[in-house]
Amino acid sequence: MTDPVLRLENIVKTFPGVRALDGVSFSVMPGEVHALMGENGAGKSTLMKVLGGIHQPTEGAIYIGDDRVTMAGPLEAKAKGIVFIHQELSLAEELSVAENIYLGELPRKRFGRVDWATLTERTNAILGKLNVGFDARTRVGDLSIANQQMVEIARALTVDAKAVIFDEPTASLTDAEKVVLFDVIADLKAGGVGIIYISHRMEEIFRITDRISILRDGQYQGTVNTAETDEESVTQMMIGRQLDLSRNASHHQLGEVAIEVRGLSCGKLYTDISFDIRRGEVVGFYGLVGAGRTEIAETLFGLRRPSAGQILLGGVETQIHSPDEAIAHGISLVPEDRKGQGLVLGMNCRDNMTLPQVDRLASGPFVAEGEEIKIFDKYRDQLDIRTPGWRQKVGNLSGGNQQKIVIGKWLSMHPDVLIVDEPTRGIDVGSKSEIHKLLRELAAQGYAVMVISSEMPEVLHVSDRIIAMYSGRIIRTFRSEDVTEDSLIQAISGIGPGAQATEVA
Amino acid sequence: ETMKIGITQNNVGVDSYQTTYEKAFIEAAEANENVEAVVLDAGGDVARQIAQIEDLIQQDVDAIIIWPTNGEAVIPAVRKAFQADIPVIVTNSNIAEQGFDFVKSFSGPDNITQGARSAEIMCDKFKEMGIETEAQVVHITGQPGYTTAIERAKGFEDRLPEVCPDVTIVDTQPGDWNREKSQQVMEAFLVKYDDIDGVYAGDDNMGVGALNAAKAAGRDDIIFVGATNFAVGYESMAAGDYWGSIYQSPVDDAKAALNTAVDVLSGEDVPFLNYFDTPKITQDNMDEFSKPVF
Amino acid sequence: MAAMNRKDLGEFLAKQGILVAFAVFMIAFTMANQKFISIDNVFSVVRSSAILGIMAVGVTFVVISGNLDLSVGSMMSFSTIVVLDLHDKVGPALAIPLMFLMTLCLGAFIGFLVGYLRLNSLIVTLGMLSAIHGLTLTYSGGQNMDIADKEGTWFSVFGQGTALGIPVPILMFLAVAAFLGLVLARTPFGRKVYAVGGNGTAATFSGIRRARTVFTCYLISSGCVATAGLIQASRSLGSQNTVGQGLELEVLAAVILGGASLLGGSGTIFKTVIGVLILGFIQNGLLLMGLQFYVQFVVTWIIIILAVWLDIAAKRGKLWSSIA
Amino acid sequence: MQKSTVSKALKSGAIWGFILLELIFFSIAGEHLSLSDTAFMDGENMLLLLKQSAPIGIIAMGMTIVMVNGNIDLSVGATFAIAAIVLLDSMTWPIFAGLGDGVIPVAWLLALTVGTLLGALNGLIVWKTGVDAFIVTLGSMLGYRGIVFMFNGENPTSHLNWTLVDFAEAEFLGFATATWFLLGVTLVMWFVMARTVHGRNAYAIGDNREAAVNAGIRVGPHMMINFAIIGFLAALSAVVFYSEAGSVNPNDGQLYELWVITAVVLGGTKITGGAGNVIGTFGGVIAIQLLRKGLGHIGADTSTVNLAVGLILIAVLFLDKQLNLKGKEELKV
Ligand SMILES: Nc1ncnc2c1ncn2[C@@H]1O[C@H](COP(=O)(O)OP(=O)(O)OP(=O)(O)O)[C@@H](O)[C@H]1O
Ligand SMILES: Nc1ncnc2c1ncn2[C@@H]1O[C@H](COP(=O)(O)OP(=O)(O)OP(=O)(O)O)[C@@H](O)[C@H]1O
Ligand SMILES: [Mg+2]
Ligand SMILES: [Mg+2]
């Protein structure tokens, strides 16, 4: 039997008011992909930050091989062969791709000069493996979020790692890039590297991991061999109940058209987009990165000015110049970048949630705080948001719980048209299915829902109709009964309905 | 033939003395059809002043008038002008002795004498009141680092013990040529000292600020003496609140500087130190003076 | 038990670090000079802090919204000069609203540039610092401005009057701070200011009109400046063009001392007021000790850094920073 | 990226266009308004311009790296004054009496050391206390100024050494000594920021401090080094300038921080850090000096100069904004 590359023993980590980790132990073998699973806020990221030297454990020990080590800082962790790919993007936007990948350890020449030649060469080699469409010199700020995530991933390949931690690497990747990522992981694995893989996506877990360790509320629940278990039992261990993971079959009674878009274009971002969404209907938008779905949503929300076309709300042509006009017209948008666009991280949970409606929540000249707390409590319960209380700063919540705050914020507006852009990015299976159920329920109540997602199961699960986009154009619209995974993939790759798809079940 | 005269001033806009000086200078230059003036302001920055002297040399003016921001730092720049055969006239406050070789003349008030005269005004008043044996004085100086502030303070502090040896200066703080700052300083003095008989301020703006503080605190037995009689000071004097000051006209100052430059260019003999008189002004003799325009 | 107590104390300090610092200074100065705490002195310090304080209250809005305002000093000179000039020309009853109008126009201009055109506030207000100074000089011709009849005008009430035995400037300071404190802490507008400063993009995505919010903050700031200018003018009934010069940094120091972050999104009016009082009492206390002005500079330096350090150290529960 | 830094810097920012506008404006306006017979664009005048840009310019190069780093230094004016005092005062110290003119390099070294230490002290405080650099240096702006006054009360500190003056006034290949220093410092700082690991890390830290920490960059010492650099450069600026001027008022250097920051920001450095370069800063410095010189050239009075300088600052910012607009497709946030 081989020795583990890495072993954690009885790790405890407390923050003021929170016991984030409560005696967690597990080990990673060389050449193994070890999944770490748990609900939002279970403590996965915190555990990895302890391992990566970013947090110091309150109690417990870390072993690499047989040596007990203390990780005084990230550089030390890296020196010991532990590479950490962060959940939240950890990039300097103004710098080039190469500089970001080698951040903190740029190759040097004499006089402290950067060895650009080596840097570029090494970077391009890595990028070549990753099969991405940008080069070492591209400014990271010019990349889409997905490509930025690829830059993060590239960092795993810069050193001879003993262990690589991927904290939700696929949260903002589309299927095409995922394939590349999995190849990378397979390569590392073949090289005897131990991999810790955190994700909320069951299909990935079962596709690439060897063992699964599960956390719940900071406590270790156990480790199972992937081959010997199934989704249901893992879910059971994570949340203590079972889930319905089927594809959407039911349809609600559709009402009149809530929003209609005719020939909408915005420069080069997207062209000639026409669709409508009825009350009671969920329309999924599926496509590759850069397909222009987010931009359509932003246009509907008054954040972009269309260069052509019309938007009709309830049959009336409407000009939407700004988000507050959009909100007044009953449109809500859950944006795709929760840190940058969704939340004011330094503000507390309650204030974030009620932000779009502070004007309406006034009693006399003041904000009606009691009213706000009621709203917060309602959605905290409904969405199962884990937080010590409304006073907690949103920045201190786990990624998934942050996302739930954003969703709660827009649900509480009771919109006519709800647009959600990557609504379950970083959300655990339990909550994910809650959110999916919620979206269906909202539709049942007569909302028109537009779901933008890069996850095929999600699109399939919630949508009544699916609009496939490629490069700023609508390629095809499917009804949920008609859609097959293959035809969907063809459509988002730019292959129209004319071309015949080979059916593989 | 017209004379092209360049001037670089210290810091116009900081107080109305300097502003009035600038105006008077421009007026005087316009009044003289033989003179064309290039008027610059260093904004209190010695580096900018040196740059301006270099610019004036480069523009090949016929004479340069300097109101130095620092009486020594400008010497090398003045030497450049000297080497370029451009006569230099110093105005208002003089440059250091090492530079005397490179300048033609100085024209301006004698700040040390002014400080001394203020001390005499105050001492005389104390004697008249019969408190010259025990009087306590506080001193509010101008902006730290300004030649004028330093010289006046020195003149006052050297002279007072000579004429009134038993009067003590109990405290000194800067008022930055600023009425409000001086008012605050005086407020603290009033809290700290139960017995203040006299206030000497480096100019009337600050003097009036201190006076306001004293009035607000109901302490109206204090003798205020200032320098550079501003319009506010003159008015307070007329109202009987403010005792005395030094009469110094920026218009005279400016005209004297320009005339000295013109005289130098016309080849006339000018004395090297060209002080213009700055007489004492008190409530007793203020009718002899017209109200300052600034 | 002991650990529990220490934790409670820690939490208290974390919330009130700046108040504790304030108390420490007050006690230290009082021990140095009994007169420090006398009612006369306290009134005189608070009264002269009122001008700075009212400006700081306005600037707090701007800072929380994520911007800076370095123009308040020269804007205050402008208001002061204008109201003094108009006093003799149109009478005080008309002079005051006219001055407010003109000052608000300046604030609106800055608000337009920073809010709507999204120009960098540091440079815009630095530019305005210079431009408004030029404007003031042009307006006054560089001359001191004085009211002709100083005894006979009711205008002096704002700076020199008392009501209920309390100097009017102090009352105005309290009123402005209380009113704007409520606006910031309790109204929807206040909430928006925090949101815009905390994350402008997210605020926009929440339907908040960011430009309008920033614009309004500058309006508030200039309104405060006008009020400060009014008190200043009324206090001395005459003024130099440079009366407010350099105040912008003192104002900023007070706001930051109060714990507002320059990055925006945090700070409160109450703490700004404490910051103002700390600065005012330090200056006064050192003056009473008879220290040379330059020793005062050095001591102020140390106190500012200690106060802010104490404040943030309490917040993070650690004395030394965790910067690697 | 390295090869295109220069061209990118030239393209970025409205500053070069603005300098051109200034030159054209002052040349034409000068024809009509100026009393001077020589043209504004005269070669001699342009050489003077470079020389006169040195005091602010040298400090601005240091401010660029500090601001790119995500910090700011408001105490440079006071550091400038302290270094000047050390320079001039130390030449009169009895222990150096035997050195003759050999005291000059010693005095230079002393001044530069003191400047570096004062800068490092700021950096150390920022590092160890975690107090924002703005506050730390706002405090030391006051504190260092207090130290200036402690030296010699309110009096200027002076020592005219004509050997030193002659050196400072010397010209080599047409450029004055100060110009050489400005160009040298610009070149070195360009090298440091564009080519060295330290420089690139400065960008990373300013851009995303958390990412830099995560990547294991030691942010504290790094920032301290940059503060030491700006302290050194503030002292160098003083050394270069006061070698010629020979006397320092305790007020000297006041408001330099504002001019320096203005130049740096005009040159395209982001106030929040992470972006900017010394070539842009060089443009910013030249633009400001041109403005001062030009307004003097056409005979603008003080109030006009103030008004113009302020409004032009804003105009440049506006111009820059317009040039960098991404067009109608841009997200309206
Ligand atoms: N710096 C901090 N201060 C206070 N609480 C924290 C801090 N960091 C994490 N926590 C808390 O620790 C708990 C675990 O958070 P963590 O980010 O590890 O969750 P996670 O399992 O990664 O969740 P997700 O799947 O949503 O990313 C959460 O309750 C979170 O609020
Ligand atoms: N290949 C690319 N390289 C660099 N930038 C790209 C690329 N494709 C798109 N972008 C940028 O990304 C933005 C659109 O990407 P985005 O991924 O948000 O679109 P989307 O259709 O919403 O996809 P998704 O929702 O999957 O992210 C555009 O503003 C564009 O500038
Ligand atoms: Mg996580
Ligand atoms: Mg998208």
Side-chain angles (χ1 to χ4, degrees), chain A residues 49 52-54 73-79 84 86 88-100 102-109 111-117 119-120 136-141 152 155 266-269 294-295 298-299 302-307 321-323 340-341, chain D residues 1-5 7-9 12 67-70 188 190-222 225 229 268-277 280 324-333:
Chain A
K49 284 181 185 166
I54 292 166
L75 206 57
E76 200 172 333
K78 211 167 185 178
F84 191 174
H86 289 266
E88 308 292 347
L89 289 172
S90 187
L91 300 169
E93 298 202 340
E94 295 289 337
L95 297 188
S96 68
V97 167
E99 286 170 296
N100 267 287
Y102 283 91
L103 198 61
E105 12 173 57
L106 295 171
R108 287 168 191 259
K109 288 194 293 193
F111 309 121
R113 280 180 302 162
V114 177
D115 186 347
W116 294 110
L119 179 66
T120 310
R137 295 186 175 194
T138 316
R139 182 178 159 273
V140 162
E152 281 267 356
R155 287 178 172 166
C266 182
K268 286 180 219 132
L269 296 173
T294 298
E295 286 74 7
E298 285 165 350
T299 311
L303 285 160
R304 289 183 193 272
R305 195 209 306 253
S307 50
H321 299 101
S322 64
Q341 304 170 332
Chain D
M1 58 235 87
Q2 65 277 28
K3 286 199 193 96
S4 59
T5 344
S7 63
K8 208 161 83 185
S12 72
M67 287 180 72
V68 161
N69 207 190
V188 169
W190 171 80
F191 174 78
V192 168
M193 294 188 68
R195 294 294 175 88
T196 68
V197 173
H198 178 84
R200 301 317 293 174
N201 284 351
Y203 284 92
I205 292 169
D207 192 336
N208 186 342
R209 164 122 48 127
E210 208 182 323
V213 171
N214 285 344
I217 297 175
R218 295 205 57 202
V219 172
H222 182 101
I225 290 174
I229 290 177
T269 296
K270 259 214 258 174
I271 290 195
T272 47
N277 60 67
N324 286 317
L325 275 187
K326 294 206 178 80
K328 283 185 177 170
E329 292 172 10
E330 203 177 6
L331 194 61
K332 293 189 279 184
V333 288

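In what follows, every chain begins at residue 1, and chains take the letters A, B, ... in the order their sequences are listed. The structure displayed is predicted, hence computed values, not measured ones.
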**OP:** Mind ranking Leu106(A), Thr299(A), Asp115(A) by heavy-atom pairs under 4.5 Å with chain D and telling me who comes out on top?
**Re:** Leu106(A)
**OP:** Please flag which part of Leu91(A) lies under 4.5 Å from any non-hydrogen atom of chain D: side chain, backbone, both or neither.
**Re:** backbone
Subject >> Lys78(A) side, atom NZ; Asn214(D) side, atom CG - distance, nearest 0.5 Å >> reply: 10.0 Å
Subject >> Heavy-atom closest pair, residues Glu93(A) and Asp207(D) >> reply: N-OD2, 2.8 Å
Original post:
Given a strict heavy-atom distance threshold of 4.5 Å, which part of Ala204(D) is in contact with chain A: side chain, backbone, both, or neither?
Top reply: both
Subject >> Spacing of CG belonging to Leu103(A) relative to CG belonging to Asn208(D), to within rounding of 0.5 Å >> reply: 8.5 Å
Original post:
What is the minimum heavy-atom distance between Pro74(A) and Gly216(D), and which atoms define it?
Top reply: CB-N, 4.0 Å
Original post:
So what's closer than 4.5 Å to chain D heavy atoms on Pro323(A): side chain, backbone, both or neither?
Top reply: neither
Original post:
Which distance, rounded to the nearest 0.5 Å, do you find between the CZ of Arg200(D) and the CG of Asn100(A)?
Top reply: 10.5 Å
**OP:** Over all heavy atoms of both residues, which pair between Gly104(A) and Asn201(D) is shortest? Give the atoms and the distance, please.
**Re:** N-OD1, 4.4 Å
**OP:** Enter the distance from Thr196(D):OG1 to Lys109(A):NZ here, rounded to the nearest 0.5 Å.
**Re:** 12.0 Å
